[in-house]
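Let me begin by presenting the structure, written as structure tokens, before commenting on it.
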Amino acid sequence: MDIYQFLIKKKFFTKEEAIVWQKEVTEKGKTLEELMTAKDATKEAEFFRWKAEALGIPLRKDLPENIPHEVLSIIPRESADFYKITPLGIERNNNILVVGMVYPENQQAQEALKFLVRQQKLSPQIYLITLSDFKKVFGKYQTAEKEVKQALATLKEEDDLSSEEKESSANNKGDFNRLVEEAPTIKIVSVILRQAVEGDASDIHIEPGRDQLRVRYRLDGVLYSSLILPKSVHAAVVGRIKILSRLKIDETRLPQDGRFSIKVEQKLVDFRVSTLPTSLGEKVVLRVLDASSGIKKLSDLGLAGHNLTLMEKAITLPYKMILVTGPTGSGKTTTLYSMLRLVNNEEVNIVTLEDPIEYFMAGVNQSQVNADIGYTFVNGLRQILRQDPDIIMVGEIRDEETANLGVQAALTGHLVFSTLHTNSAVGAIARLIDMNIKPFLIPASLNTVLAQRLVRILCPFCKKKIALSGELRKYVSEKIEPLPIAEKERSAKAIEEMTVFQAVGCVKCNNSGYSGRIGIFESLEIDDDLAELILNKSGEREIFAVARKKGMFTMEEDGIIKALEGITSLEEVIRTTTEN
């Protein structure tokens with residue numbers, strides 16, 4: 001039986017949902033398993049449970065913590081990655097190799113497995129494993145630390161010079177370039193990049209200290225130390241990254257920005273690079289942009305209820321401005337691209353002006369500003385308006401001139417998307433006025449403001465349910481009370497139960513208790529009532545009070561609902577929304 005038909009029969013899919021998933025599999029060129037894993041860990045677990053029943057193969061959940069290297073070596077790393085198969089253990093008495101497979105229905109994978117175990121005079125005992133579990137086991141093949149140590153040892157052997165020779169080499173540009181292009185240096189950088197991608201890190205920080213070089217990764221918004229390298233490799237590592245990014249390798253006194261793309265584990269990944277001179281040497285930060293992951297739907301970002309309805313309505317307008325606000329790193333650009341994805345079609349001309357371009361989108365004309373040659377947001381926006389655009393995205397409104405041009409574009413028949421740095425949706429109005437936008441122009445040009453933050457998602461495998469009591473219960477009750485009726489009804493069951501989940505920590509989430517991030521939002525629609533308040537130069541409190549009556553609720557309240565629904569924790573919501 002076809003897997004889709006089987007899942008429909010088991011009521012995992014409706015017929016309509018199955019058609020949507022089949023279409024997405026075809027369009028994205030990914031397997032159903034890959035899409036399911038990216039979508040939701042809980043959904044993935046349920047999917048693989050039904051898949052195991054459909055194939056008649058047991059699902060293995062309790063994977064071993066440590067798999068000996070000699071067991072892993074039975075199936076080469078390249079074969080394991082290509083076919084998504086991995087050894088889990090060996091029964092010497094029976095000559096049986098316990099194997100986990102993500103695609104046991106794949107005949108080529110079965111043939112490859114038979115060939116590999118036959119060489120070792122073993123018989124395979126096959127279990128189905130989830131794609132998430134495969135990735136974790138696959139990471140055990142060779143740890144980053146081991147690979148880096150090997151590379152450092154090789155580098156030391158190849159560069160075993162006396163102190164005088166090292167000093168002369170440091171002043172010799174040719175020798176430095178040779179060091180940067182040495183295989184061990186390339187290996188070290190490759191390991192740093194690969195570890196970030198395999199660990200789903202959003203950023204890599206390469207930071208020089210007095211005696212060592214520290215590598216940290218940002219996972220779910222929090223930085224973790226990962227590798228400590230000798231300070232002696234700092235210049236070579238930074239130089240290698242500069243070569244990949246086409247930056248000036250001999251310029252160490254000024255900040256530089258660049259980007260590069262490479263394939264990591266068959267995935268095309270973009271890295272946005274920023275260098276910064278410090279007293280101890282250049283610090284490098286790389287933003288990891290997985291080009292193969294695709295752009296998410298608005299609902300997948302965390303938009304729901306009133307917020308989702310408002311934004312879906314706003315992007316259908318023929319003109320006016322939509323602003324997304326929040327601090328750096330709050331996911332504003334990702335939200336803008338999710339909106340562009342919905343309006344991107346053959347009938348419209350979409351032009352973007354970005355610094356830098358974070359995602360590449362087919363059918364959209366994307367332009368990157370370059371201040372060094374005088375190509376700024378202001379100059380670029382003026383030029384874009386001569387390109388007959390229907391929809392314009394400006395990466396960020398930073399100054400008065402850009403703000404004025406954006407407003408004029410919205411007033412002259414263009415749909416304009418952009419971002420602002422404000423703490424709240426209502427705060428965007430005061431920010432525009434600070435930029436000398438006349439109050440009477442704001443209602444005429446601005447339609448919707450969406451403010452957002454990112455909170456960590458609780459690990460579905462270890463989160464612990466608790467009943468609210470004491471001060472926490474009082475806090476939640478007070479925050480829920482003013483919620484619009486529609487939002488209370490939408491989350492009625494969660495509100496009635498008054499339970500939340502705590503982060504615990506397990507192997508699957510690296511003992512953090514969290515896995516992934518999601519947005520919390522507040523949205524503001526500028527209607528006639530709000531227009532009158534803006535014209536009368538009313539304060540933020542008055543504007544919010546009127547917007548509240550029309551269904552608006554705050555990011556904190558949105559976060560509390562998500563905590564009650566078990567998506568995140570109350571601690572995470574408080575941490576993210578409480579002003580320091």
Side-chain angles (χ1 to χ4, degrees), residues 242 245-248 251 253-261 270-277 284-287 289 319-337 339-340 348-361 364-422 427-438 441-442 445-446 449-450:
K242 284 183 174 181
S245 314
R246 297 183 181 179
L247 301 179
K248 295 176 181 176
E251 178 55 81
R253 299 166 302 167
L254 294 173
Q256 296 187 71
D257 293 305
R259 70 185 299 147
F260 64 92
S261 301
D270 292 336
F271 293 90
R272 195 179 81 197
V273 180
S274 172
T275 70
L276 179 73
V284 180
V285 175
L286 298 94
R287 171 65 56 87
L289 304 165
Y319 63 95
K320 283 210 171 185
M321 184 185 288
I322 297 169
L323 293 177
V324 181
T325 77
T328 301
S330 60
K332 300 186 297 295
T333 302
T334 300
T335 301
L336 284 183
Y337 270 99
M339 293 179 191
L340 282 185
V348 292
N349 176 24
I350 304 176
V351 186
T352 75
L353 189 62
E354 306 171 64
D355 182 23
I357 297 170
E358 292 201 15
Y359 301 92
F360 290 101
M361 182 181 283
V364 175
N365 305 287
Q366 297 172 267
S367 183
Q368 182 166 319
V369 302
N370 187 343
D372 291 342
I373 59 173
Y375 185 49
T376 62
F377 275 114
V378 172
N379 296 336
L381 190 47
R382 283 201 186 99
Q383 194 59 42
I384 282 175
L385 291 170
R386 300 187 187 108
Q387 289 284 314
D388 186 32
D390 298 293
I391 299 169
I392 299 169
M393 186 186 96
V394 181
E396 183 184 343
I397 294 177
R398 297 177 179 174
D399 52 52
E400 179 182 333
E401 205 169 353
T402 308
N404 271 296
L405 283 169
V407 166
Q408 290 304 318
L411 290 171
T412 53
H414 304 92
L415 184 59
V416 180
F417 295 91
S418 193
T419 69
L420 267 181
H421 284 273
T422 65
I429 295 168
R431 181 79 179 105
L432 289 173
I433 292 173
D434 286 343
M435 289 179 165
N436 288 323
I437 301 298
K438 303 296 183 187
L441 291 176
I442 294 175
S445 59
L446 180 62
V449 183
L450 181 73

Mind checking what makes side chain to side chain donor-acceptor pair (under 3.5 Å) contact with S445, not counting sequence neighbours?
none
Output all residues satisfying side-chain contact (heavy atoms from CB on, under 4.5 Å) with S418, sequence neighbours left out; order by chain, then residue number.
L323, V394, I397
Using the side chain to side chain donor-acceptor pair (under 3.5 Å) criterion, which residues pair with D390? Sequence neighbours excluded.
none
Could you work out, with side-chain contact (heavy atoms from CB on, under 4.5 Å) as the rule, every residue matching D257, not counting sequence neighbours?
S274
Closest heavy-atom pair and its distance - V369, T376
CG1-C, 3.9 Å
Residues forming a side-chain contact (heavy atoms from CB on, under 4.5 Å) with Y319, sequence neighbours excluded:
none
Quick one: closest heavy-atom pair of I442 and I433, and the distance?
CD1-CG1, 3.6 Å
Does anything in residues 324-336 pair up under salt bridge (Lys or Arg N to Asp or Glu O under 4.0 Å), and if so which pairs, sequence neighbours excluded?
none
Minimum heavy-atom distance V449-A428, with the two atoms named
CG1-CB, 3.7 Å
Closest heavy-atom contact between P327 and S330?
O-OG, 2.7 Å
Positive for side chain to side chain donor-acceptor pair (under 3.5 Å) with Y359, one of T352, T334, D270:
T334
For K242, give me all partners under side chain to side chain donor-acceptor pair (under 3.5 Å), at least two apart in sequence or on another chain.
E282
Passing candidate, side chain to side chain contact (heavy atoms under 4.5 Å, CB included) with T325, options L450, T422, T419:
T422
Which atom names give the shortest non-hydrogen contact between M321 and A410, and what distance separates them?
N-CB, 3.9 Å
When you compare the side chain of R246 with that of F260, does any pair of heavy atoms fall below 4.5 Å?
no
With sequence neighbours left out, the residues meeting salt bridge (charged side-chain N to carboxylate O under 4.0 Å, His left out) with R382 are E401
In chain order, what residues pass the side chain to side chain donor-acceptor pair (under 3.5 Å) check against S245, with sequence neighbours excluded?
none
Quick check for you: to the nearest 0.5 Å, what is the distance between D434 atom CG and E400 atom CD?
10.5 Å
Assess the residue pair V285 and R287 against the criterion (side chain to side chain contact (heavy atoms under 4.5 Å, CB included)); give the C-alpha distance rounded to whole Å, side-chain angles, the decisive distance to 0.1 Å, and a yes or no.
CA-CA 7 Å; V285 175; R287 171 65 56 87; 6.0 Å; no
How many angstroms lie between CD1 in I350 and CD1 in I392, if you round to the nearest 0.5 Å?
11.0 Å
A side-chain contact here means heavy atoms from C-beta on lying under 4.5 Å apart; do T328 and H421 qualify?
yes
Pairs in or reaching into residues 348-359: which pass salt bridge (Lys or Arg N to Asp or Glu O under 4.0 Å), with residues at least two apart or in two chains?
R272-E358, D355-R398
First locate atom CD1 of I437, then atom CG of L432, and finally report the distance between them rounded to the nearest 0.5 Å.
6.0 Å
Quick one: pull up CZ in F417 and CD1 in I322 and give me the separation to the nearest 0.5 Å.
4.0 Å
To the nearest 0.5 Å, tell me how far T402 OG1 sits from N379 CG.
9.0 Å
Partners meeting salt bridge (charged side-chain N to carboxylate O under 4.0 Å, His left out) with R253 (sequence neighbours left out)
E251
Is a donor from one side chain sitting under 3.5 angstrom from an acceptor on the other, for S367 and Y375?
yes
Counting only N and O atoms by type, is there a donor-acceptor contact under 3.5 Å from the side chain of N349 to the main-chain atoms of Q387?
yes
Which heavy-atom pair separates L381 from G406 by the least distance, and what is that distance?
CD2-N, 3.8 Å
Straight-line distance of L340 CG to M393 CE, nearest 0.5 Å
5.5 Å
Take L405 and Q408 through the test side chain to side chain contact (heavy atoms under 4.5 Å, CB included) and record every step on the way to the result.
CA-CA 5 Å; L405 283 169; Q408 290 304 318; 5.5 Å; no
Residues at least two apart in sequence or cross-chain that pass side-chain contact (heavy atoms from CB on, under 4.5 Å) with P277, listed by chain then number, are P255
